[in-house]
Amino acid sequence: MAFPFDNSAYHYYNFQNMKKVYVETYGCQMNEHDSERMLSILSEKGYTPTQHPKEADVVIVNTCSVRAKAEQKAYSSLGRYTGLKKKNPGTWQDRLVVFSGCVAQQEGERLLGRFQGLNVVVGPSQVHRIDELLARARTEEAVVAVAPEQGQDRFRNPVKDVHGIKASVTIMEGCDNFCTYCTVPYLRGREVSRSARSIMDEVQALVASGVREVVLLGQNVNSYADASAGRTMTLYDLLAALNSVSGLERIRFITSHPRDITDRLMHAFTDFGKVCPHLHLPVQSGSDRILKLMARGYTTARYLDTVDKLRALVPGIALTSDFIAGFPSETDEDHRDTIQFIRHVRYDNIFSFKYSDRPLARSSASADKVPPDVIAARLGELQQVQLAITREIYGSLTGTHQQVLVEGDSKKPGRQQGRTREGRIVNFSGTVPSGTLANVLIEDFSDNALYGTHTREEN
Ligand code: 5AD
Ligand code: SF4
């Protein structure tokens, strides 16, 4: 039995007599999803989630190593939570501190020397074993589980207690690309596709519990290939199968590698009504010289060809992207090419990041680093240019009717929130049950949402 740290929590704890778990998550959607999986596994074992680390019996810090800043934040949280144990020695054995995710994978056993009071170090391909690792940690001094799991076992224990109308489903994990700036292939390991049967089972169960939209997750979903049932199933085939799940309304998938978008996959947007006209297609840079140094495997011309084909096939498709500002040796001219590229493509939105040196990634060995102030200025410019485009696109939607899948109430009282098929957030006045497809007249917009009024339900 564990003892919380302050008395009020102690009484509450005794009264409730339930174990509590606190999870703090950094990084990508896959990490968010891994946190949900751990919570789901532990809730089956009688834990309830808490927002307050001080009252938790198990504290989990689920970490990201993609940029140095996220890694630093994870360490400072870990220091805080193991520090809490030191200040309250009576609770030393009872409270378990878990460090999971990519930084755990990267550092492994070394963390135990640095952080006294850390009980479990668990890599991303082992999070499905969280319950068993916690049980071991109650009798052993510390447990380290970072051996890469390359089989189907890693997909075990999907999230069970989904309440919303939207859910993420892992379809593959890992990456074989080794872009020169990226740590993911070293930490998430080689690509492993989950069996289509297991994906279908999970989606069917989710739909039965009220889910109407699924987001298929993987570092590189275009490489999805499942040969377990005889013939090889690709992402296109998987989308075909999911399209026939009755009760499911919308399907998205993330993340796509621009090099691997085939003509066949593009046709999934027109062949299958449930596949939403929205594609996240991270380009990283608009300079061919930099793309080559990043080892991305495509040129800007080829990427633009894909964009043209997609737009011809799916008019109005919303494209989003990732950009890295200040990759080693990036010149003003490379940067201007990227700005031009953003203006040319006219993304709905972009995620842009300052280049961050990652020790495992090849680009960290470059002697030609861009100074931090230059990186910051370039990032600011990328964001400014994109903001103007987002405003233009959102502005052009004023006066149109959009099909919105209602997700629930928005933060503002009396208003509801949902998304268009293109993935744009819509806040609107209305009283429509969650999970309904509503027709909304768009009347206004902000930098990250549309605003409107519900006109009628679509089903
Ligand atoms: N520095 C900055 N951004 C990075 N990303 C990946 N590695 C790095 C790095 N070392 C960005 C890429 C990727 C997104 C998830 O994170 O843009 O698409
Ligand atoms: Fe990293 Fe490149 Fe793989 Fe994306 S495709 S996870 S950026 S190595």
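For ligands, and for the atoms within them, numbers begin at 1 and follow the listed sequence.
- Short contacts between ligand 1 and V66, defined as distances under 4.0 Å to a heavy atom of the residue, involve ligand atoms 5 (N), 6 (C), 7 (N), 8 (C), 9 (C), 10 (N), 16 (O).
- Distances below 4.0 Å separate heavy atoms of R358 from the following atoms of ligand 1: 10 (N).
- Proximity to P185 (heavy-atom distance under 4.0 Å) selects the following atoms of ligand 2: 8 (S).
- For atom 4 (Fe) of ligand 2, the closest heavy atom belonging to the protein is R296 NH1, 4.4 Å.
- Here the protein heavy atom with the shortest distance to atom 15 (C) of ligand 1 is D322 OD2, 3.8 Å.
- A salt bridge is absent between R302 and D305; no separation between the charged side-chain nitrogens and carboxylate oxygens falls under 4.0 Å.
- Interatomic distance, Q386 CD to E381 CD, rounded to the nearest 0.5 Å: 13.0 Å.
- Regarding atom 7 (N) of ligand 1, its nearest protein heavy-atom neighbour is Y181 CD1, 3.3 Å.
- Looking at R129 and E149, no side-chain N of the basic residue comes within less than 4.0 Å of a carboxylate O on the acidic one, giving no salt bridge.
- Summary of contacts: the protein heavy atom closest to atom 7 (S) of ligand 2 is Y181 OH, 3.2 Å.
- The side-chain tip of R358 does not point at the ring of Y186 from less than 6.0 angstrom away and within 45° of straight on.
- Residue H257 approaches ligand 2 through these ligand atoms, each under 4.0 Å from one of its heavy atoms: 5 (S).
- With hydrogens left out, the protein atom closest to atom 1 (Fe) of ligand 2 is C182 SG, 2.3 Å, a heavy atom.
- R252 places a side-chain N or O within donor-acceptor distance of the main-chain N or O of R421, the cut-off being under 3.5 Å.
- Atom CG of L239 and atom CD1 of I251 lie 6.0 Å apart (nearest 0.5 Å).
- Between the side chains of S366 and D368, no donor N or O sits under 3.5 Å from an acceptor N or O.
- The option with the heavy atom closest to atom 5 (N) of ligand 1, from among R67, K354, Q284, is R67.
- At the shortest separation from atom 3 (Fe) of ligand 2 among protein heavy atoms lies C175 SG, 2.2 Å.
- Residue contacts with ligand 1 for F353 involve side-chain atoms from C-beta outward but no N, CA, C or O (heavy atoms, distance under 4.0 Å).
- Y26 and S77 share a donor-acceptor pair across their side chains, judged by distance under 3.5 Å alone.
- Remark: minimum distance from atom 5 (S) of ligand 2 to any protein heavy atom is reached at N177 ND2, 3.4 Å.
- The protein atom (non-hydrogen) at minimum distance from atom 1 (N) of ligand 1 is S356 N, 2.9 Å.
- In the vicinity of F178, heavy-atom distances shorter than 4.0 Å reach the ligand 2 atoms 8 (S).
- Between the side chains of Y81 and E24, at least one donor-acceptor pair of N or O atoms lies under 3.5 Å.
- Not a single N/O/S atom of C179, whether from backbone or side chain, sits less than 2.8 Å from atom 3 (Fe) of ligand 2.
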Using the ring pair (Phe, Tyr, Trp, His ring centres under 6.0 Å) rule, take Y224 and F253 through it: C-alpha gap first, then chi angles, then the decisive distance, then the call.
CA-CA 11 Å; Y224 178 80; F253 50 93; over 10 Å; no
